[in-house]
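Shown next, in structure tokens, is the structure this report addresses.
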Amino acid sequence: MELLHKARELSIYTAYNTNVDAIVFLKGETVQKLIDEFGATAVRRRMEEYPREINEPIDFVARLVHALKTGKPMAVPLVNEELHEWFDSHFKYDVERMGGQAGIIANLLANLDFRRVIVYTPHLAKKQARMFVDKPNLFYPIVEDRKLTFKHPREAYREGDPIKVNRIFEFRAGTTFKLGSETITVPFSGRFIVSARFESIKIHTKSELRPFLPEIGGEVDGAILSGYQGIKLRYSDGKDANYYLKKAKEDIILLKRKKDIKVHLEFASIQNRELRKKVIYNLFPLVDSVGMDESEIAHILNALGYSKLSDRIFTYNRIEDTVLGGKILIDEMNLEVLQIHTIYYIMYVTHADNPLSEEELMQSLELATTLAATRASLGDIKSPEDFKVGLKVPYNERGEYVKLRFEEAKRKLRTREYKVVIIPTRLVKNPVSTVGLGDTISAGAFTSYLALLKEKGEL
Ligand SMILES: Nc1ncnc2c1ncn2[C@@H]1O[C@H](COP(=O)(O)OP(=O)(O)O)[C@@H](O)[C@H]1O
Ligand SMILES: O=P(O)(O)OC[C@H]1O[C@](O)(CO)[C@@H](O)[C@@H]1O
Ligand SMILES: [Mg+2]
């Protein structure tokens with residue numbers, strides 16, 4: 001709680017992605033109906049093909065069943081706009097809420113009473129704008145008379161801006177259904193994201209605002225950037241991923257120009273390997289901190305050529321493999337800090353000369369998992385007081401085992417050149433929802449990391 005107070009003194013900038021999350025709480029029967037509609041054999045065949053995009057309904061069914069079978073958090077892009085009708089005729093959405101790392105993190109930090117939260121998203125339709133919480137510490141940057149000013153995002157919407165709706169399928173451990181003769185029981189609770197990828201949504205800073213990025217950087221202590229997974233390899237106007245990534249790199253440099261602020265990149269699933277590689281190689285070397293989940297580190301290692309290690313992490317989620325993967329990533333990309341969240345544990349890997357002690361790094365992770373447990377319990381974090389709810393959530397039942405395996409891994413792998421710390425997660429048995437819990441963890445970890453640096457005079 002004390003660390004949270006310190007973190008709340010910070011000002012944070014966050015960009016780029018926001019969307020509407022239309023959430024479906026999946027029941028076994030719903031999945032069964034989908035499988036029966038297409039036939040188990042066809043679904044199984046498509047699962048083997050492992051479509052990387054959703055072009056037709058069976059692509060969705062195949063990837064959904066695969067996600068349910070493994071219990072892993074996954075996201076697959078929807079590229080065929082004609083499928084909206086199919087989805088809407090098959091599902092009733094239980095809730096609509098703010099989605100996208102930038103949107104979720106902005107609302108979270110604003111509700112926690114951070115000093116100042118500046119959020120930027122290039123598309124801000126009225127409906128999207130209304131999903132921002134009504135807090136006086138939340139700002140959206142705009143340019144008026146060639147000067148930078150700020151408005152509350154609710155007041156800054158633009159008529160005619162596109163709106164992006166992602167469909168979120170929340171699944172729960174224990175849900176069962178049959179795929180032909182095979183009975184599948186979902187091993188872990190989580191979410192499957194069908195993320196809308198249409199041309200009208202571009203991940204960039206609009207040209208009128210870009211010259212003011214140094215000024216924005218000068219007003220904050222750190223930035224949390226995400227949404228790069230939404231960049232497309234090619235656009236119909238001839239632009240491509242290289243164009244947008246070049247702009248993205250410039251944005252980071254501009255943000256750091258006036259004041260050398262720390263930048264965190266929240267990674268999200270990128271199905272296309274070529275794009276994944278581009279995002280990693282272009283952006284990781286420019287940021288200080290990166291956060292991701294276990295599927296994502298596996299995917300990243302695969303793109304960097306470590307396919308065996310990647311397969312092992314994906315299949316077994318063993319701590320020693322994640323430590324090894326973390327070491328590789330922090331070295332190859334020269335990150336200051338890497339944070340990996342998984343269902344049972346959260347980990348930091350830094351270089352040995354990191355100004356924070358291992359105890360301090362653990363405190364930062366503690367705060368992160370407590371925030372996630374709060375959100376999982378309540379559905380939303382509305383005020384700093386809510387944090388107490390998370391403090392009451394016990395560590396998961398594998399907590400002791402996690403610590404044991406971690407000590408073993410440390411002995412086995414050379415970790416002297418690094419600081420590696422791990423904590424078990426506080427896991428809520430029946431979470432209200434799980435989407436956005438990773439964003440919550442990363443926002444909590446990064447801001448408390450900054451607060452601890454500041455206390456030491458290192459920021
Ligand atoms: N029931 C739960 N209670 C507390 N924390 C949870 C629960 N379920 C998941 N988490 C945490 O949330 C993380 C999910 O992160 P991630 O996959 O990045 O989700 P998202 O991208 O939707 O935010 C998990 O790694 C785990 O640490
Ligand atoms: O990749 P996209 O389409 O920007 O979507 C990001 C998705 O990740 C989340 O931000 C959760 O991390 C969801 O709210 C959102 O649907
Ligand atoms: Mg995530």
For this session: Would you check, one step at a time, whether the test side chain to side chain donor-acceptor pair (under 3.5 Å) holds for T205 with D251?
Result: CA-CA 8 Å; T205 307; D251 280 8; 2.5 Å; yes
For this session: Please step through salt bridge (Lys or Arg N to Asp or Glu O under 4.0 Å) for the pair E170 and R172, ending with a clear verdict.
Result: CA-CA 7 Å; E170 286 274 349; R172 292 294 166 265; 2.9 Å; yes
Exercise. Does a donor on one side chain sit under 3.5 Å from an acceptor on the other, for N111 and K135?
Worked result: no
Exercise. So, R154 versus Y140: side-chain donor-acceptor pair below 3.5 Å or not?
Worked result: no
Exercise. Which value, rounded to the nearest 0.5 Å, describes the distance between D21 atom CG and I104 atom CD1?
Worked result: 5.5 Å
Problem set entry | Side-chain (E366) to main-chain (S364) donor-acceptor, under 3.5 angstrom | no
Exercise. Using the benzene-type ring in the case of Trp, are the ring centres of H204 and Y120 under 6.0 Å apart?
Worked result: no
Exercise. Are N17 and Y228 linked by a side-chain donor-acceptor pair shorter than 3.5 Å?
Worked result: no
Exercise. Going by heavy atoms in the side chains, are L112 and E385 under 4.5 Å from each other?
Worked result: no
For this session: State, yes or no, whether a side-chain contact exists between K69 and L179 at a heavy-atom distance under 4.5 Å.
Result: no
Exercise. Does a donor on one side chain and an acceptor on the other come within less than 3.5 Å for R97 and S433?
Worked result: yes
Exercise. Mind checking whether L450 and I12 have side chains closer than 4.5 Å, heavy atoms only?
Worked result: yes
Exercise. Mind checking what makes side-chain hydrogen bond (donor to acceptor under 3.5 Å, both in side chains) contact with K206, not counting sequence neighbours?
Worked result: none
Exercise. Which word best sums up how the rings of W86 and F91 line up, parallel for under 30°, tilted for 30 to 60°, or perpendicular for over 60°?
Worked result: perpendicular
Exercise. Got a second to check how far K151's NZ is from Y157's OH, nearest 0.5 Å?
Worked result: 9.5 Å
Problem set entry | OH-CG distance between Y13 and L255, expressed to the nearest 0.5 angstrom | 6.0 Å
For this session: List the steps, then state whether ring pair (Phe, Tyr, Trp, His ring centres under 6.0 Å) holds for F60 with H90.
Result: CA-CA 12 Å; F60 159 71; H90 278 70; 9.0 Å; no
Problem set entry | No-hydrogen, no-angle side-chain donor-acceptor test under 3.5 Å, K249 and N282 | yes
Exercise. Are the side chain of R63 and the backbone of M47 linked by a donor-acceptor contact shorter than 3.5 Å?
Worked result: no
Exercise. Any chance the side chains of N302 and R273 put a donor and an acceptor closer than 3.5 Å?
Worked result: yes
Problem set entry | Cation over ring face, K239 and Y243, 6.0 Å, 45° | yes
Seminar exercise, completed: Closest non-hydrogen contact found for T18 with H123 is O-NE2, 3.1 Å
Exercise. Short question: side chain of S269, backbone of A75 - any donor-acceptor pair under 3.5 Å?
Worked result: yes
For this session: Find out whether Y418 and D331 are in side-chain contact, i.e. whether some heavy atom of one side chain is under 4.5 Å from a heavy atom of the other.
Result: yes
For this session: Answer yes or no: is there a side-chain heavy-atom contact under 4.5 Å between L26 and L68?
Result: yes
For this session: Could you tell me how the ring of Y344 sits relative to the ring of F188: parallel (under 30°), tilted (30 to 60°) or perpendicular (over 60°)?
Result: perpendicular
For this session: May I ask you to test the M74-E296 pair for a side-chain heavy-atom distance under 4.5 Å?
Result: no
For this session: Could you walk me through whether I328 and L309 pass the side chain to side chain contact (heavy atoms under 4.5 Å, CB included) test, one step at a time?
Result: CA-CA 11 Å; I328 290 173; L309 179 59; 3.7 Å; yes
Exercise. Do we see a donor-acceptor contact under 3.5 Å between the side chains of S442 and Q339?
Worked result: yes
Exercise. Just checking, any donor-acceptor pair under 3.5 angstrom between side chains of R398 and Y345?
Worked result: no
Problem set entry | R167 side chain to H84 side chain, donor-acceptor N/O pair below 3.5 angstrom | yes
For this session: Would you tell me whether T322 and E294 have side-chain atoms, one donor and one acceptor, within less than 3.5 Å of each other?
Result: no
Problem set entry | Whether over 12 other heavy atoms sit under 6.0 Å from K202 NZ | yes
Problem set entry | E336 versus S289, side-chain donor and acceptor atoms under 3.5 Å | no
Exercise. Looking only at atom types and distance, does a side-chain atom of D321 sit under 3.5 Å from a main-chain N or O of R312, one as donor and one as acceptor?
Worked result: no
Problem set entry | Of I423, L427, T440, the residue whose pairing with T369 passes side-chain contact (heavy atoms from CB on, under 4.5 Å) | I423
Problem set entry | Full working for side chain to side chain contact (heavy atoms under 4.5 Å, CB included) between E56 and N80 | CA-CA 7 Å; E56 46 177 356; N80 180 354; 5.7 Å; no
Exercise. Ring centres of H152 and F139 under 6.0 Å apart?
Worked result: no
Exercise. Side-chain donor-acceptor pair under 3.5 Å between E332 and Y306, yes or no?
Worked result: yes
Exercise. How long is the gap from NZ on K403 to CD1 on I319, to the nearest 0.5 Å?
Worked result: 11.5 Å
Exercise. For F192 and I168, what are the C-alpha separation, side-chain angles and deciding distance, and is it a side chain to side chain contact (heavy atoms under 4.5 Å, CB included)?
Worked result: CA-CA 6 Å; F192 177 76; I168 314 289; over 6 Å; no
Exercise. Got a sec, which residues hit ring pair (Phe, Tyr, Trp, His ring centres under 6.0 Å) with H264, two or more places apart in sequence or on another chain?
Worked result: F446
Exercise. Only one of T183, V65, T185 forms a side-chain contact (heavy atoms from CB on, under 4.5 Å) with F177, so which one is it?
Worked result: V65
For this session: State, to 0.1 Å, how close V186 and F171 come at their nearest heavy-atom pair, and which atoms those are.
Result: CG1-CD1, 3.6 Å
For this session: Check the pair R158, D161 against salt bridge (Lys or Arg N to Asp or Glu O under 4.0 Å), reporting the backbone distance first and the verdict last.
Result: CA-CA 6 Å; R158 290 171 292 257; D161 264 18; 2.9 Å; yes
Exercise. If we ignore angles and hydrogens, is there a donor and acceptor under 3.5 Å between the side chains of S195 and R197?
Worked result: yes
Problem set entry | Modelled atom types, side-chain donor and acceptor of T425 and N396, under 3.5 Å | yes
Exercise. Are F169 and F25 close enough, and set up right, to give a ring pair (Phe, Tyr, Trp, His ring centres under 6.0 Å), and what steps lead you there?
Worked result: CA-CA 6 Å; F169 296 86; F25 293 95; over 10 Å; no
Exercise. So how far is it from E266 CD to L225 CG, rounded to the nearest 0.5 Å?
Worked result: 11.0 Å
Exercise. Atom OG of S295 and atom CD1 of I313: how far apart are they, to the nearest 0.5 Å?
Worked result: 10.5 Å
